[in-house]
Amino acid sequence: MSSTNSYLHQLNDVQRQAVTAINGPVLVVAGPGSGKTRVLTYRVAHLIEEGIPPWDILTLTFTNKAAREMKERIQQVVGQRADRVWAGTFHSIFARILRVEAAHLGYPSNFTIYDSDDSASVIRAIIKEMNLSTEDYNVNAIRARISSAKSNLIPPARYAQDQELMQADLLNKRPHLQKVYEKYVARCKRAGAMDFDDLLYRMFELLHTNPEGVREKYQQRFRYVMVDEFQDTNHLQYEIVKKLVNYEGSPRNICVVGDDAQSIYAFRGATIQNILDFEQDFKKYNIQVYKLEQNYRSTSHIVQAANEVITNNRKQIPKSIWSDKGDGERIRVLKALSDTEEGKRIVDAILEQKNRHHLRNRDIAILYRTNAQSRIFEEYLRRYNISYRVFGGLSFYQRKEVKDILAYFRLAVNAKDEEALRRVINLPRRGIGNSSVEKISLEADAQNVPMWDLLPRVSLTGRTRTAIDGFIHLIENFRQQAATTNAYQAAIYIAKQSGLVDSLKEDTTVEGMGRVENVNSLLDGIKEFVENQADEEPGTDTSLAAYIQSISLLTDQDEQLQDEEYITLMSVHSAKGLEFSSVFVVGMEEKLFPSFMAMDTPEGLDEERRLFYVAITRAEAFLTLSYSASRYRYGQMRYNEPSRFLNEVDLTHVEMAGGMGSTTIMPGMEPDFDRRSAQTPTSGVSGNFKRKTPANQLMADPKTFKPSPSDQIQTGMKVLHLKFGEGKVLAIDGGRDNRVATIFFQGSDTPERRIMLKFAKLQIL
DNA sequence: CTGCACATGTTTTTT
DNA sequence: ACATGTGCAG
């Protein structure tokens, strides 16, 4: 039956093998644009067609969007049965299970999920209460360290015994970090709250301690497990997966799909070691490995450039991505003198492309290393009247006014939630100031009870006492509402009675009105939630608690957009998994891309390079890279050198057109503010590139290497190149600002190379 | 307790 | 540049 199924004919040989190998462990290494999602979804569809009950299948992804798309695509093949598959993010699936099993862990089933801001706030309070120096105890650094400890399965007690960790903290002048960690965990617990890491950690704990045989329950439940973006999993996630599938007598029907070259989240604990470990761990169970190497997304120049770039990394799973879509356009490189000029040139180029190639806005993306870079492009896009959308930055749910009202909702659902309590106990002002809150907090800590429980009996008098009693009454009232009416009714009630909306309305500035607007759209969203839930199946949960749960794992990225026509502006990180006809990767400069934070270590640099790899492989047909000689950073003008990554792209893939500003735009559209930036337009395209070199062939010692100024380099000189070693300059040609040297490097497989002197690092010998 | 001036710390961030 | 947090005077 299944062999005649049409979906199998939509796959190439390797893809089909990966889809139909349903028994035993499978590792799929999937290059960019190689049909990874297709394989994953068809594999699930295939399982169902083969008679596996959908509810036996678990697919874990990283984003809600990926999970949703997968469900939709499975549905297209197998229809409604797709709804019964367990498809979701690690966090959402585990949260769902943890709500059911919460009692085993000493948690209420309506536990709150703390986001990163909540976590930071808890840590900040602990540092303050312990009277630790806020200078040495940087909140974000501590949060990262706690997160990393949890991700590596090191609870506070084990942390205390770990000499290496304790020693490192001591050296960083944070000897009490372990104590902060311990308190943090205790506080989350007593607040009935789990942070993002807890959703994983507690899941592991549940399977590990195995109360009343829950482990076996889920092992039998999930007989087929799949993991997407496996290169992004951290140690803890892999340990959970192993608990689920790697046990005595297990069929070990586990399929992981990933690409080591696209691992860009090492900074938060993701490790490609998991891919290597997976191969080892399942070796004896007849593991099958498939490599998807055909790229269906991009033309050859782009794919080959990507291949070249990534070979500069020290470690990787060998693979060769190829495309049969033809050479396509060469990669363009734009140079600008300032960040403003970069903005203008990019937007000019966008206009030109739109005209010449009839691209729609949605075909185009501007990708950058840091979100702060978006502003200048926004400015020009606005001026040119091109619609765009910026992704990333503050999410809707992170806005203050939204968080404030959500805090009331959270409190109505779980009164133990201390972060929510701190947020709203004096909002709007009701005369319960910092010192009172501090007192309650310290007392709660001493007695190890939630702050909420202490409110009635904490020794405060007079006005404050009255205010607190009023607050208790208010929240009790809200709890009542939340328990008896649906989410929308309760939300409206709370918004009014809390006084929050009224106090927001007092601010009649544009921003103030925007905040009221945001609260209103939140309320609209809740209304929609109630209606949708009611539509689903009669009897589904439309409570405020259910609403809070549904949004606490959502981000802005999940927002479904109509097919509006806009240009996409986002960080390279956010662009992973997406594709566009035309991609502009901007800010290709040292210290920016690669980031100065990651430049010092080889591992950091490799990750930046993978990030660049991700960036360029987003492009289907047109790829433009740009850099600027200077830009503002933290309010200060900085001068930057072009990114070393530009050097790693072979010249053959780059458009060398000397086209001086060939980016003419339609007459009459030239904005006059251009005159304000008194910059002369630079001559068109340029770049600094090298020819193909084998990776890891350092022929000069980087420690003693000192590049000479490029304008001193003349014909006949002996020079040293970092990668190619010693060479002789045979000739120099090109314009004054664009000199290209032909250099003969002895012993290289392609001894004669043409190198752009402007940036190439050469030392005169 | 509240409001304002000053100081501080800035990569990326699926959840 | 800019937002967010802390300290101090009223």
Side-chain angles (χ1 to χ4, degrees), chain A residues 60-68 88-95 113-121 124-125 127-128 134-135 138-141 143-144 147 151 194-200 228-229 231-234 236-237 262-270 339 367-373 375-376 391-395 397-398 400 426 428-438 462-464 467 551-558 570-578 587 591-599 604 607-608 610-612 614-615 631-637:
Chain A
L60 296 168
T61 60
F62 276 84
T63 66
N64 295 301
K65 194 169 153 226
R68 193 173 48 232
T89 65
F90 280 89
H91 294 83
S92 70
I93 296 276
F94 296 165
I113 296 171
Y114 275 175
D115 67 13
S116 323
D117 289 343
D118 294 319
S119 301
S121 166
R124 198 171 291 120
I127 290 169
K128 206 169 180 185
T134 47
E135 215 161 290
N138 173 286
V139 174
N140 282 321
R143 189 162 54 88
S147 171
S151 305
M194 295 200 199
D195 66 16
F196 291 141
D197 297 315
D198 287 332
L199 293 175
L200 308 175
D228 191 15
E229 307 281 17
Q231 77 282 352
D232 290 336
T233 51
N234 62 30
L236 174 52
Q237 284 163 322
Q262 292 184 72
S263 163
I264 55 174
Y265 285 103
F267 71 93
R268 38 194 284 175
D339 45 6
L367 308 182
Y368 33 73
R369 181 62 179 80
T370 67
N371 285 312
Q373 288 166 255
R375 231 199 57 232
I376 290 165
F391 292 79
L394 257 203
S395 112
Y397 298 107
Q398 285 175 320
K400 186 183 178 302
N426 199 29
R429 304 259 121 101
R430 48 172 73 88
I432 308 172
N434 274 334
S435 54
S436 306
V437 175
E438 207 68 347
R463 227 177 283 216
T464 319
I551 61 154
S552 45
L553 294 172
L554 280 191
T555 64
D556 247 18
Q557 316 269 328
D558 299 319
M570 57 170 55
S571 69
V572 180
H573 279 93
S574 315
K576 197 177 73 164
L578 305 179
K591 299 182 183 171
L592 183 58
F593 199 176
S595 158
F596 68 97
M597 300 287 288
M599 280 171 72
E607 173 140 323
E608 294 289 307
R610 290 191 295 267
L611 195 53
F612 183 50
V614 167
R631 79 172 60 242
Y632 277 96
R633 194 141 200 229
Y634 307 140
Q636 214 106 53
M637 173 81 102

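In what follows, chains are A, B, ... by sequence order, proteins preceding strands, each numbered from 1.
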With sequence neighbours left out, write down each residue that passes side-chain hydrogen bond (donor to acceptor under 3.5 Å, both in side chains) with [X], or none if nothing qualifies.
| X | result |
| --- | --- |
| A:Thr89 | A:Ser92 |
| A:Ser571 | A:Ser574 |
| A:Ser121 | A:Glu419 |
| A:Asn234 | none |

To the nearest angstrom, how far is [X] atom [atom1] from [N] atom [atom2]?
| X | N | atom1 | atom2 | result |
| --- | --- | --- | --- | --- |
| A:Gln231 | B:dT14 | CD | P | 16 Å |
| A:Asp197 | B:dT14 | CG | C1' | 13 Å |
| A:Leu199 | B:dT15 | CG | C1' | 8 Å |
| A:His91 | B:dT15 | NE2 | C1' | 4 Å |
| A:Asp118 | B:dT15 | CG | C1' | 13 Å |
| A:Ile93 | B:dT15 | CD1 | C1' | 13 Å |

Partners meeting salt bridge (Lys or Arg N to Asp or Glu O under 4.0 Å) with A:Lys400 (sequence neighbours left out):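 Listed in chain order: A:Asp404.
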
Nucleotides 1-8 of chain B: which of its N/O atoms have a protein N/O under 3.5 Å away?
from	atom 1	to	atom 2	distance (Å)
B:dC1	OP1	A:Gly433	N	2.5
B:dC1	OP1	A:Ser436	OG	3.2
B:dC1	OP2	A:Ser435	OG	2.6
B:dT2	OP2	A:Asn426	ND2	2.9
B:dG3	OP2	A:Arg429	NH1	2.8

For nucleotides 11-13 of chain B, which of its nitrogen or oxygen atoms have a protein nitrogen or oxygen under 3.5 Å away, and what is each distance?
from	atom 1	to	atom 2	distance (Å)
B:dT11	O2	A:Arg369	NH2	2.7
B:dT11	O2	A:Ser595	OG	3.2
B:dT12	OP1	A:Asn371	N	3.0
B:dT12	O4'	A:Arg369	NH1	2.9
B:dT12	O2	A:Arg369	NH2	2.8
B:dT13	OP1	A:Ser571	OG	2.4
B:dT13	OP1	A:Ser574	OG	3.2
B:dT13	OP2	A:Asn371	ND2	2.8
B:dT13	O2	A:Arg268	NH1	2.7

By nearest nucleotide on DNA chain B, pick out whichever of A:Asn138 and A:Ser116 is the more 5' one.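 Nearest nucleotide further toward 5': that of A:Asn138.
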
What pairs with A:Ala372 under side-chain contact (heavy atoms from CB on, under 4.5 Å), at least two apart in sequence or on another chain?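 Scan of A:Ala372 (side-chain contact (heavy atoms from CB on, under 4.5 Å), adjacent residues dropped) gives A:Thr370.
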
I'd like to check the side-chain contact (heavy atoms from CB on, under 4.5 Å) partners of A:Ala144; sequence neighbours left out, ordered by chain and number.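 For A:Ala144, no residue satisfies side-chain contact (heavy atoms from CB on, under 4.5 Å) once neighbours in sequence are set aside.
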
I'd like to check the ring-ring contact (aromatic ring centres under 6.0 Å, His included) partners of A:Phe267; sequence neighbours left out, ordered by chain and number.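 ring-ring contact (aromatic ring centres under 6.0 Å, His included) list for A:Phe267, sorted by chain: A:Tyr265, A:His573.
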
A:Phe62: which residues meet the ring-ring contact (aromatic ring centres under 6.0 Å, His included) condition with it, sequence neighbours left out?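 ring-ring contact (aromatic ring centres under 6.0 Å, His included) check on A:Phe62 returns A:Phe90.
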
Using the side chain to side chain contact (heavy atoms under 4.5 Å, CB included) rule, pick out the option among A:Val139, A:Asp197, A:Asp195, A:Asp198 that qualifies with A:Ser119.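 Considering A:Val139, A:Asp197, A:Asp195, A:Asp198, a side chain to side chain contact (heavy atoms under 4.5 Å, CB included) with A:Ser119 is found only for A:Asp195.
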
Counting only N and O atoms by type, is there a donor-acceptor contact under 3.5 Å from the side chain of A:Gln237 to the main-chain atoms of A:Leu200?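 No, A:Gln237 side chain to A:Leu200 backbone: no donor-acceptor pair under 3.5 Å.
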
When you check every protein heavy atom under 4.0 Å of nucleotides 2-10 of chain C, what one-letter string (B, S, -) results, 5' to 3'? ---SS----

